[in-house]
Amino acid sequence: MAKQQTLTLLDFVTKKNNSEKKEQHKVNEEPESQQETQNEPEPIHQRKEWLEEAPEGRVYYLLSVDYDGKKGKAFMKLYDPEAKKMYILYDSTNHKPYFLVDLEPDKVSRIPKIVRDPSFDGLETVQKIDPYSGNKIKLTKIVVKDPLAVRRMRNAVPKAYEAHIKYFNNYIYDLGLIPGMPYRLEKGKLIPVQPKINESELEEVKKAFSDSDELTKTMALEWFPFLEAEAPSVKRVAFDIEVFTPSRGRVPDPEKAEYPIISISLAGSDGLKMVLVLKRSDVEQGNSFSSNNNLNGVKVEEFRTEYELLKRFLEILLNYPIILTFNGDDFDVPYIYYRALRLGFAPEELPFDIKYRETKYLAGIHVDLYKFFFNKAVRNYAFEGKYSEYNLDSVAQALLGVSKIKIDNIVTFLNLEKLAEYNYRDSELTLNLTMFDNELTWKLIILFARMSRMGIEELTRTEISTWIKNLYYWEHRRRGWLIPLKEEILARAAETKSSAIIKGKGYKGAVVIDPPAGIFFNIIVLDFASLYPSIIRNWNLSYETVDYEGCTKKEMIKDESGEVLHFVCRDKPGITAVITGLLRDFRVKIYKKKAKKSDIPPEQKAYYDVVQRAMKVFINATYGVFGAENFPLYAPAMAESVTALGRYVITSTVKKARELGLTVLYGDTDSMFLYNPPKEKLEEVINWVKQTFRLDLEVDKVYKLVAFSGLKKNYMGVYPDGKVEIKGMLAKKRNTPEFIKKEFEEVKGLVISMNSPDDVVKIKEKLTYKIKDIYNKLKNKGYYLDELAFKIMLSKPLEEYKKTTPQHVKAALQLQAYGIHVLPRDVIMYVKVKTKDGVKPVQLAKLNEIDTEKYIETVRTTFEQLLKAFGVSWDEISSVISINSFFK
DNA sequence: TATAAGGTGTTAGTGA
DNA sequence: TCACTAACACCTT
């Protein structure tokens, strides 16, 4: 029945539009087609100018830089905060693409692949600085007319330097631009606008860096303005489309765009609330739009044809310089684009440029928030792991406390009122993800852009390693340093010498102290403030300082056993040490303090907290990227030095603490859990660390009690106010069935209630009874099927599980056979049953198929982690249970 | 175009 | 059948 209607609907919409569009189309095209005949023939879709040229004399925020292939020029997207409008500015400096070679010009001129290339422009001799020695070196610059020529030519020489940098980034480096910053446009050039900074704040910065080397001091003063400059609030709109789908579980293919767009919602920072709905004969209207509370203040417009709907959508969209989506890169934008073409729009009517896996918004900037929130560094450091699934619903729930509208059918079958409500909420959530907490997310994006010197479009679509790479490249260029080749960095340092504990890892990492099992009252946790970044700074670690042979002041790097792994050169400050130290000191000495100051307005405080968090992202990732094989400045000797020194520091400190009579129960990487320590002794260790290593050891946490399971990275800590922190325990893991999490939550209450060692025995007994209850409830099928489900994420497409077939994959295969499509990153919900496969997806299972024994096993391992702290063995519990059931 | 290593637990697959 | 390892997912620093 539904299928029949689908076909008629499709038919109707497509045909109707094709006849309509032609007339409208012609009207639009008239003036342009005249122009076309006068100029060179050009592809139609590149003729239209979506952005006006920026007028002179005004202040703009630089938001991105790109390359226009037709004009053969770099261009910038500039946001005018007064007009709330985006403008374009083409390069006026005649900047050209290039790369460098260490060959004499006359040798280069004998390479036909270079000089005969149609894009070859010329050769220049340039001077660069060797990052290792600081000596000047001469290189030949091969200048070309088109960035693609660099790709063609770079293989024609033995060593091509700086030949893998995207052209628009090269442009940013060479002009010393900082995206996210305000500039005044004068005579076609961008002049930085210095934010007002008061003297006392400047003094504070000088004081914070008084111990640093001269280079760091100068850089601190350069960085301060762009950390202080306010982030512009920009006019933006979020949108979301709903597409007709003939069956459940099928995601429509954007490139085919075979089904109608049935609704588009928009939510703007200027208060726009709108849904554009397609009138359809195959669904009901439902209640009136105005009677729906969730559509309060939302303007719903209905359209007879999809063509009109899209036309209206584009008309509204173009009022906004920034557009936001959640997964728009992979779905909404290409779908709209291809659907519009199908309906008869001409490419030049559409403000998008779609290439393979790349979508561009030509009339401004498109931020796909899915990509940004999926970014690992953003997730873990900026948002402290508050969301662990990456769909709109989970992210919005975690950050906004609001969910998507729940529907029990696919959108295709919703009545128009429900559809509008559902559709609008998605745009509202997407917009609010950039608005909440005083526009925290947007400010973070701007700060990241400034720190990485990257345009917003690239920034929001790449991971932290790209950000750090970009910052380092920019700084190399500013200093006139030659960016080294990866092979050179590897060749100039010694190989890694330590072996990792885990198979397949490159070098040895951190120390984890084996904890005892038990309940311990009054625990103080000492923690090194940013241990690895501090080590990098204090020991002057950098790719060009570790193992640099031409050095005069060498310092040995030893690990905890006294073995010498590498040496570091102290002749001049290492670039990584300078940048990391700079960020660390800014964060710890300035912004963390400012964020807590009582005498400044809360909004300002919140901003400083954003700055502090943005820095954390860069600081924490720096060590990691230099240890990552794919990173272009990969320096394993440096990364190995960091962890070796880390082990040396923590091991020496634990030893010192024990010598002072302190009881160190546990420690992981940079922390020490001390049992009931006297205050004086604490201070003594802290001072000793300061003097010995120039590192900050601080009291991080004070626990009323800690329940250690006896396993590493596995404990429960209770604060004096009853707040609980669970680390690593099975009950905490996302994939653990809900019924276990629920029961564990109750058990948690028992642990919290303890105030002294005397309570332990009493609670131990209660705990035993509680677990017995769970056991019985399970046996009697007292839980719902949903609660029993394991929730495990597919990390890759089903076909790629070749070596083994894990249970969640088995369940996913069953779903697939049933006609439900599954994709990487989908969370599969399955229960354990007594069939041959052993599992069934929740959707296909029944409560009486459940394999109770398997669930008892899961209960056992989960609760054992807590029972061990109480000194109770599972046998004790099961014996009590079996006696009871015997008597039953 | 993708930050590191250390750790726990479950299951599949393999070879004796 | 049993003991072991590899693969996988998720968490901690």
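Axis angle between the ends of the helix from B:dA4-C:dT13 to B:dA16-C:dT1, five pairs each and rounded to 10 degrees, works out to 20°.
Among the protein residues, A:Ala621 comes within range of the nucleic acid bases, having at least one heavy atom under 4.0 Å from a base atom. If you check every strand for non-hydrogen atoms under 4.0 Å, A:Met729 touches nothing. Note on A:Phe626: nothing from the nucleic acid sits closer than 4.0 angstrom, heavy atoms only. Residue A:Thr462 is in sugar-phosphate contact alone, with no base atom involved, counting any heavy-atom pair closer than 4.0 Å across all strands shown.
Under the 4.0 Å criterion applied to side-chain N and carboxylate O atoms, A:Lys713 and A:Asp668 are assigned as salt-bridge partners. Note on A:Lys497 versus A:Glu563: no salt bridge recorded, every NZ/NE/NH1/NH2 to OD/OE distance being 4.0 Å or above.
Of the options A:Met454, A:Arg453, A:Lys469, a side chain to side chain contact (heavy atoms under 4.5 Å, CB included) to A:Trp474 is made by A:Arg453 and by none of the others. For the ring pair (Phe, Tyr, Trp, His ring centres under 6.0 Å) with A:Tyr472, the lone residue among A:Tyr543, A:Trp467, A:Phe626, A:Phe631 that qualifies is A:Phe626.
The cationic group of A:Arg613 does not satisfy the cation-pi geometry with A:Tyr381, failing either the under 6.0 Å distance to the six-membered ring centre or the 45° limit from the ring axis. Taking the ring axis of A:Phe618 as reference, the NZ or CZ atom of A:Arg587 does not stay both within 45° of it and closer than 6.0 Å to the ring centre. For the pair A:Lys832 and A:Phe790, the distance from NZ or CZ to the six-membered ring centre is under 6.0 Å and the angle to the ring normal is within 45 degrees. Cation-pi geometry between A:Lys796 and A:Tyr801 is met: under 6.0 angstrom from the ring centre, within 45 degrees of the axis.
Summarising the geometry, the separation between OH on A:Tyr666 and C1' on C:dT13 is reported as 8 Å, rounded to the nearest angstrom.
Between A:Lys469 and B:dT1 there is a side-chain N or O to OP1 or OP2 distance below 4.0 Å.
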If a protein heavy atom is under 4.0 Å from the base, mark B; if only from the sugar-phosphate, S; if neither, -; do that for nucleotides 6-13 of chain B going 5' to 3'.
BBSSSSSS
